[in-house]
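Side-chain atoms are counted along with the backbone in the values below, which use heavy atoms only and exclude waters and symmetry mates.
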Amino acid sequence: MSSSPSSPPRSEAEQIVLLTRELEWSRLRIQALEERLRLELIRKYGPKSEKLSDNQLQLLDLEPGVSTEEVEAESRREPLPAASPATTRKKNQSGKHPGRQELPASLPRVERIIACTPEQCFCQSCGKDKAVIGYEQSEQLDVEPARYFVVVTRREKRACRACAEGVSAAPLPERIIDKGLVSDRVVIDTIVNKYSDHLPLYRQSAILERDTGVSISRATMDGWIMRVGGMLIPIVGAMRRELLAGSYIQADETPVPVQMSDGSGKNHQAFLWQYGKPGGNVVFEFRMGRGREGPVQFLGQYEGILQTDGYAAYVRVGGRRMVHAACWSHARRKVFEAVRLNAEDRLAGQLVVRIDELFAVDAEARDEGMDYEARHVLRRERSRPLLETMKKEMEAARAAVLPASALGKAVNYTLSLWDRLTRFLEYPELELSTNWTENSMRPVALGRKNWIHVGSEQAGPKVAAILSVVETCRRLKAPVREYLGWVLPGLGDVSLQKVNQYTPAVWAASRSAK
């Protein structure tokens, strides 16, 4: 290394120090570039290719006809990463076979008695008849295929024969689609098939024609959905008020394409914002953008706990006393990305283990059926020391890696949100992660692949209302078909002052009481 003419010559020791620093910087720079290359290869070859080695990814990149299935098959040749303590504990617990699975007691039973053969009905020794002393019983889940039929409604008409007072007819029962060709159950089945089972309308139309010979267009079915979505909007408004009256909300957002009528032929990327309480109400709100005005308007002056990822749109929303909390799953995902890109990175591997130990504490509380207060005590005893150790290790890692590296980004993300990530030590009901919210987003992601887009900007709020009810019923373990069959007929005649008596939570509570 040469020095400039004007600067005094450096000693040999100084030159060695400078060369060592340059070498270390170059090593870190090469590592960061290798991480970026591996990340691009992983993105190219699908979600499971993180199990592949660098050499395998390079070979696959050179093979022009490689398929995703071949990549996944190749990935299975590599050993999986070492199991975390939580995973190991679960495997140990599940080592003993749990026995035959029992079918739910709520399902109706149809008994079938199988008689003994004639040879078994008499004693081979004395010839006398054998008595029935009991039964060997077994259970199997069975199904009856969907049976379509026509309901013929005949309303009684009455008239007085003595005078010309007029004719009276029995009143029509309340229906979802007045004068419609199909019953309420067909309409509800269409809703559930699309938004719970992700079956697009063109497939449902084809199935209906195949099984019944009745041709119902997708446009007609879409009209049913829009009708139901519009009817459910006041219900979802009541669910939002229930949610904001509570003390804890998790929030997230996901993109959803919207078909535009501007003649461009392109979809607009809108967003479904989700707000929910673990095990309780879920409210989806449709927005054409991802700006901060969405959570600002939805949350209003809410002053409870708001748990989100690190997205800046959630900053400075709600009331003055609102508590911001962050998600450990997002932090772990970023650290694990560093392990995935460089499996030999011991710093990143150790941090993943620390976060897994943090989740293992909550898993232990859940397995033992602890309430919030008992879990709070356990967290203070076990989680607090883990966090102190983890923070020191992250600060040491930040000083040892480039900020642009995967580990550098993960550590900076986690430490920048440290106060929000450790709020669970102060609030017993706060979960470590927003996994409840992410699980609720998965049906949207699956549906997006099947029904492709929302039909129009005006349809967005109606779709969001249906998704809110379907997902809330799922969280409450309430049968969504039964709820929709109970609430929809006649819902249009319910006043806004009484609509809070028709939410899924109220219906599920009354159903449990009965």
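Taking 4.5 Å as the limit, some side-chain heavy atom of I249 sits within range of a side-chain heavy atom of L299. With a 4.5 Å cut-off on side-chain heavy atoms, C473 and W507 do not count as touching. Between V499 and R241, the closest side-chain pair of non-hydrogen atoms falls below 4.5 Å. For the pair W328 and F424, the minimum side-chain heavy-atom distance is below 4.5 Å. Under the 4.5 Å side-chain criterion, counting only non-hydrogen atoms from C-beta, I207 is in contact with L199. I235 places a side-chain heavy atom less than 4.5 Å from the side chain of P504. Side chains of K334 and K409 form no contact here, defined as non-hydrogen atoms less than 4.5 Å apart. Using a 4.5 Å cut-off on side-chain heavy atoms (C-beta onward), V506 and E242 make contact.
Under the rule for a ring pair (Phe, Tyr, Trp, His ring centres under 6.0 Å), the partners of Y502 that lie at least two apart in sequence or sit in another chain are W486. With sequence neighbours excluded, the residues satisfying side chain to side chain contact (heavy atoms under 4.5 Å, CB included) with D419 are R423. Remark: E174 pairs with P489, D493 by the side chain to side chain contact (heavy atoms under 4.5 Å, CB included) rule, at least two apart or across chains. Residues satisfying the side chain to side chain contact (heavy atoms under 4.5 Å, CB included) criterion with K157, sequence neighbours excluded, are V167, A169. L425 meets the side chain to side chain contact (heavy atoms under 4.5 Å, CB included) test with R379, S383, R384, L387; sequence neighbours excluded. Listed by chain and residue number, nothing satisfies the side chain to side chain donor-acceptor pair (under 3.5 Å) test with N500 (two or more places apart in sequence, or in another chain).
Here Q307 contributes atom CD and T434 contributes atom OG1; the two are 6.0 Å apart, rounded to the nearest 0.5 Å. For the atom pair CG (L430) and OH (Y372), the distance works out to 10.0 Å, reported to the nearest 0.5 Å. The OG1 atom of T503 sits 15.0 Å away from atom CZ of R240, with the distance rounded to the nearest 0.5 Å. Taking CG from L244 and CG from N281, the interatomic distance works out to 10.5 Å, rounded to the nearest 0.5 Å. A distance of 6.0 Å separates OG of S183 from CZ of R185, quoted to the nearest 0.5 Å. Between Q250 atom CD and I305 atom CD1 the span is 10.0 Å, to the nearest 0.5 Å.
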Donor-acceptor pairs under 3.5 Å, side chain of residues 316-326 to any protein atom, not counting sequence neighbours: which ones?
| residue | atom | partner | partner atom | Å |
| --- | --- | --- | --- | --- |
| R321 | NE | E303 | OE1 | 3.2 |
| R321 | NH2 | E303 | OE1 | 2.9 |

Side-chain polar contacts of residues 220-232 - donor-acceptor pairs under 3.5 angstrom, sequence neighbours left out - could you list them?
| residue | atom | partner | partner atom | Å |
| --- | --- | --- | --- | --- |
| T220 | OG1 | S217 | OG | 3.0 |
| R227 | NE | I176 | O | 3.1 |

Give every donor-acceptor pair under 3.5 Å between a side-chain atom in residues 465-472 and any protein atom, sequence neighbours left out.
| residue | atom | partner | partner atom | Å |
| --- | --- | --- | --- | --- |
| S468 | OG | F284 | N | 2.8 |
| S468 | OG | A464 | O | 2.7 |
| E471 | OE1 | R474 | NE | 3.0 |
| E471 | OE2 | S440 | OG | 2.7 |
| E471 | OE2 | R474 | NE | 3.1 |
| E471 | OE2 | R474 | NH2 | 2.6 |
| T472 | OG1 | V282 | N | 3.0 |
| T472 | OG1 | V282 | O | 3.1 |
| T472 | OG1 | S468 | O | 2.7 |

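For the residue pair L476 and A508, the shortest heavy atom distance occurs at CD1-CB, 4.4 Å. Across all non-hydrogen atoms, the minimal contact from V258 to A270 is CG2-CB, 3.4 Å. Across all non-hydrogen atoms, the minimal contact from Q140 to S138 is NE2-OG, 3.1 Å. The two atoms that bring Y148 and L208 nearest to each other are CE2-CD1, 3.5 Å, heavy atoms only. The two residues G279 and W436 have their closest heavy-atom pair at N-CZ3, 3.3 Å. The nearest pair of heavy atoms linking L496 to P234 is CD2-CB, 4.0 Å.
Ion pairing between a basic and an acidic side chain is recognised when a charged N comes within 4.0 Å of a carboxylate O; R109 and E139 show such pairing. Using a 4.0 Å cut-off between charged side-chain N and carboxylate O, E482 and R511 make a salt bridge.
Listed by first then second residue, pairs satisfying ring-ring contact (aromatic ring centres under 6.0 Å, His included) with a partner in residues 252-276 read W273-Y314, Y275-F298, not counting sequence neighbours. Applying the salt bridge (charged side-chain N to carboxylate O under 4.0 Å, His left out) definition to pairs two or more places apart or across chains, those involving residues 189-207 are D189-R481. Sorted by first then second residue, the salt bridge (charged side-chain N to carboxylate O under 4.0 Å, His left out) pairs that include residues 428-444, not counting sequence neighbours, are R333-E438, R375-E431.
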| field | Criterion side chain to side chain contact (heavy atoms under 4.5 Å, CB included) on N439 and R475, from CA distance to verdict | value | CA-CA 10 Å; N439 288 340; R475 283 197 185 184; over 6 Å; no
| request: Any chance you could lay out the side chain to side chain contact (heavy atoms under 4.5 Å, CB included) test for L488 and I188, step after step, and finish with the verdict? | output: CA-CA 9 Å; L488 286 176; I188 291 169; 4.3 Å; yes
| message | Before you tell me yes or no, could you show the steps for S329 and N435 under side chain to side chain contact (heavy atoms under 4.5 Å, CB included), namely the whole-Å CA-CA distance, both residues' side-chain angles and the distance that decides it to 0.1 Å? | response | CA-CA 7 Å; S329 285; N435 285 348; 3.1 Å; yes
| V463 and Y195: side chain to side chain contact (heavy atoms under 4.5 Å, CB included), yes or no, with the steps? | CA-CA 9 Å; V463 170; Y195 293 106; 3.6 Å; yes
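Other residues, nucleotides and ligands contribute more than 12 heavy atoms inside 6.0 Å of the CZ atom of R155.
The backbone N or O of T437 sits less than 3.5 Å from a side-chain atom of Q274, completing a donor-acceptor pair. A donor-acceptor pair is defined here as one N or O able to donate and one able to accept, closer than 3.5 Å; no such pair exists between the side chain of S205 and the backbone of L201.
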